[in-house]
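Read the structure below first, then the notes.
We count ligands from 1, going down the list as the structure has it; atoms in each ligand are counted the same way.
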Amino acid sequence: MASPNIGVLAIQGDVREHVNHLTACGASVTLVKTPEALANISGLVIPGGESTTMSILAVQNGLIEPLRAARKRIPMYGSCAGLIMLADRIADGRSDQETIGGLNITARRNAFGRQVDSFEIDLKIDVIGKPDFHAVFIRAPLVEAVGAGVEVLAQIEEGTSIQVVAVRQDNLLATSFHPEIVEDLRIHKYFLEMVKSA
Ligand code: GLN
């Protein structure tokens with residue numbers, strides 16, 4: 001597959017930033033606003049934004065069940081709110097908040113607290129190699145619990161505390177941070193490799 005066609009869920013969030021990164025990596029991109037648009041893509045990116053709003057709009061647009069079906073068929077990558085959308089369980093969500101699910105994790109929304117609700121840190125991520133990745137967190141979720149089948153790709157270690165911020169399970173990839181707003185394309189390239197080998 002020379003140039004895969006990647007969908008970006010385009011109902012809310014930082015859609016354009018992901019489109020720019022995917023295009024820079026050589027992919028063609030389809031904006032996904034309807035279930036029909038899921039038919040011709042070989043991977044899907046779920047952007048950062050606000051997962052409660054994204055959930056409501058996905059339900060209103062009849063997208064939740066088609067997205068759940070699609071994630072069994074094609075690789076998906078979620079950044080920040082997108083990570084929450086791919087989580088099987090949410091802590092501190094709205095009571096009626098729906099997710100696509102598939103990642104056997106509990107995602108705690110806005111987990112880093114008010115004082116540090118935005119921060120940047122250099123992360124060691126073995127699957128993309130050196131150097132460390134400059135990760136930007138904006139009202140980010142934390143992967144609070146990791147279940148069977150989930151591979152931890154990145155974590156923040158401070159003394160004895162370990163905070164999981166990037167995971168993969170089979171064809172699903174998720175980061176608490178926003179690679180779409182830094183110039184480094186390595187997370188998007190890693191996802192495109194997942195798509196090519198799916
Ligand atoms: N706090 C947001 C949520 O709960 C996520 C923030 C983000 O995507 N930057 O969905």
- Considering only heavy atoms from C-beta outward, does the side chain of Ile6 approach that of Tyr77 to under 4.5 Å?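 A side-chain contact is absent here, since even the closest heavy-atom pair is not under 4.5 Å.
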Is any side-chain heavy atom of Leu172 closer than 4.5 Å to one of Arg71?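 Side-chain contact under 4.5 Å: yes.
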Give the atoms of ligand 1, by number and element, whose distance to some non-hydrogen atom of [X] is under 4.0 Å.
X      : result
Ser51  : 3 (C), 4 (O), 10 (O)
Glu50  : 1 (N), 2 (C), 3 (C), 4 (O), 10 (O)
Arg109 : 3 (C), 4 (O)
Ile84  : 3 (C), 4 (O), 10 (O)
Arg139 : 1 (N), 2 (C), 5 (C), 6 (C)
Gly48  : 8 (O)

Discussion item. Which residue and atom name correspond to the protein heavy atom nearest atom 7 (C) of ligand 1, and how close is it?
Written reply: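 Result: Cys80 SG, 2.8 Å.
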| Which word best sums up how the rings of His21 and His188 line up, parallel for under 30°, tilted for 30 to 60°, or perpendicular for over 60°? |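 The rings of His21 and His188 stand perpendicular, inter-plane angle above 60°.
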In plain terms, say whether [X] and [Y] are close enough for a salt bridge, that is, a side-chain N and a carboxylate O under 4.0 Å apart.
X      : Y      : value
Arg186 : Glu193 : no
Glu98  : Arg68  : yes
Asp117 : Arg139 : yes

request  = Could you check which of Gly49, Gly82, Ser79 puts a non-hydrogen atom nearest to atom 5 (C) of ligand 1?
outcome  =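 It is Gly49 that holds the nearest heavy atom.
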Check for a donor-acceptor pair, side chain of Asp14 on one end and backbone N or O of Gly48 on the other, with a separation under 3.5 Å.
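Such a contact is found between Asp14 side chain and Gly48 backbone.
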- Kindly say whether His134 contributes a backbone atom to a donor-acceptor pair with the side chain of Asp184 at under 3.5 angstrom?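 Here the side-chain-to-backbone pair does not exist.
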In this structure, does ligand 1 have an atom that sits under 4.0 Å from one of the heavy atoms of Met54?
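No; Met54 lies far enough from ligand 1 that no heavy-atom distance drops under 4.0 Å.
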| task | Using distance alone, decide if ligand 1 has a nitrogen or oxygen within less than 3.5 Å of any nitrogen or oxygen in Asn110. | result |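 Yes - when backbone and side-chain N and O of Asn110 are compared with those of ligand 1, one distance drops under 3.5 Å.
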### Task
For ligand 1, find out whether one of its N or O atoms is nearer than 3.5 Å to an N or O atom of Ile138.
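By distance alone, the answer is yes.
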